[in-house]
Number of protein chains: 2
Amino acid sequence: MIKQNKLFLYEKQAEIAKAIAQPYRIAIVDFLKDGEQCVCDIAEHIGAGRSNVSRHLSVMVSAGILEYRKDGLKVIYSLKTPCILGFFECITNCLKEQAKENQKLFKAI
Amino acid sequence: MIKQNKLFLYEKQAEIAKAIAQPYRIAIVDFLKDGEQCVCDIAEHIGAGRSNVSRHLSVMVSAGILEYRKDGLKVIYSLKTPCILGFFECITNCLKEQAKENQKLFKAI
DNA sequence: CAATTATGTGACTACATACTCACATAGTAT
DNA sequence: ATACTATGTGAGTATGTAGTCACATAATTG
């Protein structure tokens, strides 16, 4: 049986995974890898409503993935733990293996 | 605005992330990293009901993370893309950064 | 001050998910 | 064939999530 602190770790890992397991949120992280952005520009870039984006951002802040600073009217978000980008490499590696059996996926990577 | 095939990629990445974004499923992958296991032993190891485990397994098979073979009565699951393990390193790195501000988390890692 | 802009939030809807129970299926053993 | 074991699945419940709308808040500008 699994030990108690292992379970706690799995829960924490799941929290982080959950916080990025959504297409818009992945798009946001991918956008922010090139530098900080305000809610407004993020919403326009990913093509979603502002209030929706605002919620996605707050989820990722709670998960410790993003942080923000205020600048006048704007709130500017950035990656708090850029190591999260390594996650995408891993996922993309898995997708590449799957792509051997799937042409459409192959073209997208 | 984001291009169409980028969006498709984000969706695929989200699918994989979603497939592991659950404590039991992380426990399962962590268990399988040491070798293939049947549903029965997985259920006992993680301390969950068999039918529940069976569902978690089929989700991960659909996502392309796991594969299985049949051996008599038993169905034996294993990692299809062991590169998924890299994912945990990334997540754990992020947690380590967070752990600087959180003692309980620090002890679990 | 009033008007404008960027952001966040309460309330609601629609849908997805985890889980459990009872049962079906399929292989094994007697 | 009967009994047993491992696994999967339909149906149901409870909870979580994404998204939208209207509105509140807060900083900025005129």
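Chain A is the first sequence line, chain B the second, and so forth, proteins listed ahead of strands; every chain is numbered from 1. Side chains included, hydrogens not; waters and symmetry mates left out as well; all remaining heavy atoms used.
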Close side-chain approach of B:Gln13 and A:Phe88, heavy atoms under 4.5 Å: yes
Parallel, tilted or perpendicular: which describes the rings of A:Tyr24 and A:His56, with under 30° parallel and over 60° perpendicular? perpendicular
Considering only D:dA6, C:dT5, D:dG8, which nucleotide approaches the side chain of A:Leu73 most closely? C:dT5
Angle class for the B:His45/B:Phe31 ring planes (parallel below 30°, perpendicular above 60°, tilted otherwise)? parallel
Nearest-Å distance, CD1 (A:Ile28) to C1' (D:dG19)? 13 Å
With the side chain of A:Asn52 defined as its heavy atoms from C-beta on, choose the nearest nucleotide among D:dA18, D:dT28, C:dC19. D:dA18
Less than 4.0 Å between a side-chain N and a carboxylate O, is that true for B:Asp30 and B:Lys33? yes
CE of A:Met60 versus P of C:dG8: gap in Å, rounded? 12 Å
What's the closest nucleotide to the side chain of A:Lys74 if the choices are D:dA18, C:dT7, D:dA27? C:dT7
When you measure from the side chain of B:Arg25, which nucleotide among C:dA18, C:dG8, C:dA6 comes out closest? C:dA18
Rounded to whole Å, the CG-P distance (B:Asp41 to D:dT5) equals 15 Å
Of the candidate nucleotides C:dT7, C:dT17, D:dA18, which contains the atom at the shortest distance from the side chain of B:Lys18? C:dT17
Counting heavy atoms from C-beta on, name the nucleotide in D:dA27, D:dT7, D:dT9 closest to the side chain of B:Cys38. D:dT7
Per atom distances to the A:Ser54 side chain, the nearest of C:dA18, D:dT20, C:dT7 is C:dT7
Among the nucleotides C:dT28, D:dA22, C:dT20, whichever has the atom closest to the side chain of B:Ser51 is C:dT20
Taking only side-chain nitrogens and oxygens of A:Arg55, does any of them come within less than 4.0 Å of OP1 or OP2 of C:dT9? no
For A:Ala48 and A:Asp71, take the nucleotide of DNA chain D holding the closest heavy atom to each; which residue's nucleotide lies nearer the 5' end? A:Ala48
Please report the distance, rounded to the nearest Å, between CD in A:Gln37 and P in C:dA6. 14 Å
With respect to the side chain of B:Gln22, which nucleotide from D:dC21, D:dG8, C:dA18 is positioned closest? C:dA18
Please report the distance, rounded to the nearest Å, between NZ in A:Lys70 and C1' in D:dT28. 15 Å
Crowded around B:Glu89 CD? As in, over 12 foreign heavy atoms under 6.0 Å? no
Residue-phosphate contact under 4.0 Å: B:Tyr77 side-chain N/O, D:dG8 OP1/OP2: yes
At under 4.0 Å, does any side-chain N or O of A:Tyr24 touch on OP1 or OP2 of D:dT17? no
Just wondering, do B:Ile16 and A:Gln98 contact through their side chains at under 4.5 Å, heavy atoms? yes
Which nucleotide wins on minimum distance to the side chain of B:His56, given the candidates D:dT7, C:dC19, D:dG19? C:dC19
Report the distance from atom NE2 of A:His45 to atom P of C:dA6, rounded to the nearest whole Å. 18 Å
Whole-Å distance, B:Ile20 CD1 to C:dA18 C1', equals 17 Å
To the nearest Å, give me how far apart CZ (B:Arg50) and C1' (C:dT25) are. 15 Å
